[in-house]
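Count residues from 1 along the sequence. Counting starts at 1 for both ligands and their atoms, in listed order. Only a predicted model underlies this, so the values are computations on that prediction, with no experimental measurement involved.
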Amino acid sequence: MNHEQWIEEILGAARVQGLERHLRAFPNVGGHVEIDGRSLLNFASNDYLGLATHPHVVAASQKALLSHGAGAAASRLVSGTLCLHEDLEERLAEFKGYPSALAFGSGYMANVGVLTALAPDHVFADRLSHASLIDGIVLSRARLHRFRHNDVEHLERLLSKYPSERGVIVVESVYSMDGDIAPLVELAELAQRYGVTLMVDEAHSTGIMGEQGRGLVSQLGLEDQVHVSMGTMSKALGGYGGFIACSARIRNLCVNRARAFIYTTAMPPSVAGAALGALDVLRDEPELGTTLLKRCARFREALRALGFDTMQTETQIVPVVVGANEAALDMARAMAAEGILVAAIRPPTVPAGMARLRFSVTLTHSDEDLDRTVDVLANVGRKHGLISS
Ligand SMILES: *Cc1c(COP(=O)(O)O)cnc(C)c1O
């Protein structure tokens, strides 16, 4: 068998399960996209606040590009650290309410970097943890214990069964496929009681929750109990790049040991500039996140009233459970035919039998857009027997 043949076997196996993935090019970003001369409502974007195309963010990025050039020209520890990076890290630390922050090339790299630098003996991770967290844990060579989603009692049983000198609890503040929120107060209490480190991935709460969108950790005043608050500039901040907010010592550890930080070129000036611009917008328009969450509450309640299963979501991520992979794909296609673009999320991203449509609601969707989406989904859902008429 040559490589083309065995590769085709791998792809074919995914295809028969309705799991083969395809790339699709879009002409623009935003809540409305033009495809084949038609305008579609885009619910598959993480640009929650519309900052990717915000004039101030674009101008800040352009300014950094024109003053510094296209690339940082070296890794951070060589000569790639620009004053711009330090400005950004100071702003991120202040934004998150921590003594320090460290920027990484992406959120994926931030998670891999900090977990490998910490090199824990045991990691206790929520079962729904993002792939970047799992990859970081695997690469750190820690022993991984997964607890049932948001199940603090199950976590406690694992913590008492596996006493650890260098243990880390890994959770997200908002889960990316379910839209629900972690019980951070209880988790912080457990971490303290068992003397382990608590790391929270705030990818989907940064920019949205808390004062000025500082995140859930800030909203709950848990900065002292959450030792590593990871965030990304690629979702609500509309740009690219990841970061951790932490103590000066954890930052120093990452500078010395995080290979995903050390062995890669520093973030381009335009990317750092965009992030600084996004932080300006959050400071100047502090109500953006709250406005979005209010709009989402209305949308979610309308779907629940129709009988859809939207799980435990309380955020801008609104899942509609379908079940079978093919049914989720069919429904996404039917929605697209009606001008509504929504992702069909299938295993392994979500558990088998839990395929779903995942609506990412953004500020660029008006109340009228959301009302129309509810109407269209009601029709499609009835046709597919998901809700009764
Ligand atoms: C998107 C995401 C990441 C990765 O961030 P990127 O900046 O896109 O690499 C990490 N964790 C969670 C929970 C995410 O949703």
Mutual orientation of the aromatic rings belonging to Phe299 and Phe359 [parallel < 30°, tilted 30-60°, perpendicular > 60°]: perpendicular
Parallel, tilted or perpendicular, as decided by the 30° and 60° cut-offs, for the rings of His54 and His56: perpendicular
Within-cut-off N or O pair, Met230 and ligand 1, under 3.5 Å: no
Ligand 1 N/O within reach of Ser176 N/O, cut-off under 3.5 Å: no
With a heavy-atom distance limit of 4.0 Å, tell me whether [X] approaches ligand 1 through its side chain, its backbone, both, or neither.
| X | result |
| --- | --- |
| His204 | side chain |
| Asn111 | side chain |
| Lys235 | side chain |

Out of all atoms in ligand 1, which are within 4.0 Å of some heavy atom of [X]? Include the element for each.
| X | value |
| --- | --- |
| Asp201 | 10 (C), 11 (N), 12 (C), 13 (C) |
| Glu172 | 13 (C) |
| Ser132 | 10 (C), 11 (N) |
| Gly107 | 4 (C), 5 (O), 6 (P), 7 (O), 9 (O) |
| Tyr108 | 4 (C), 5 (O), 6 (P), 9 (O) |

His130/Tyr175 aromatic ring centres below 6.0 Å: no
Distance, nearest 0.5 Å, that separates NE2 of His149 from NE2 of His154: 14.0 Å
Phe104 side, atom CZ; Asn111 side, atom CG - distance, nearest 0.5 Å: 9.0 Å
Nearest protein heavy atom with distance in Å, relative to atom 7 (O) of ligand 1: Thr232 OG1, 2.6 Å
Heavy-atom nearest neighbour in the protein, as seen from atom 8 (O) of ligand 1, with distance rounded to 0.1 Å: Ser234 OG, 3.2 Å
Whether over 12 other heavy atoms sit under 6.0 Å from Glu326 CD: yes
Heavy-atom pair of closest approach, residues Lys96 and Ala245: CB-CB, 3.7 Å
Option among Leu216, Leu49, Leu282 that satisfies the side-chain contact (heavy atoms from CB on, under 4.5 Å) test with Ile208: Leu49
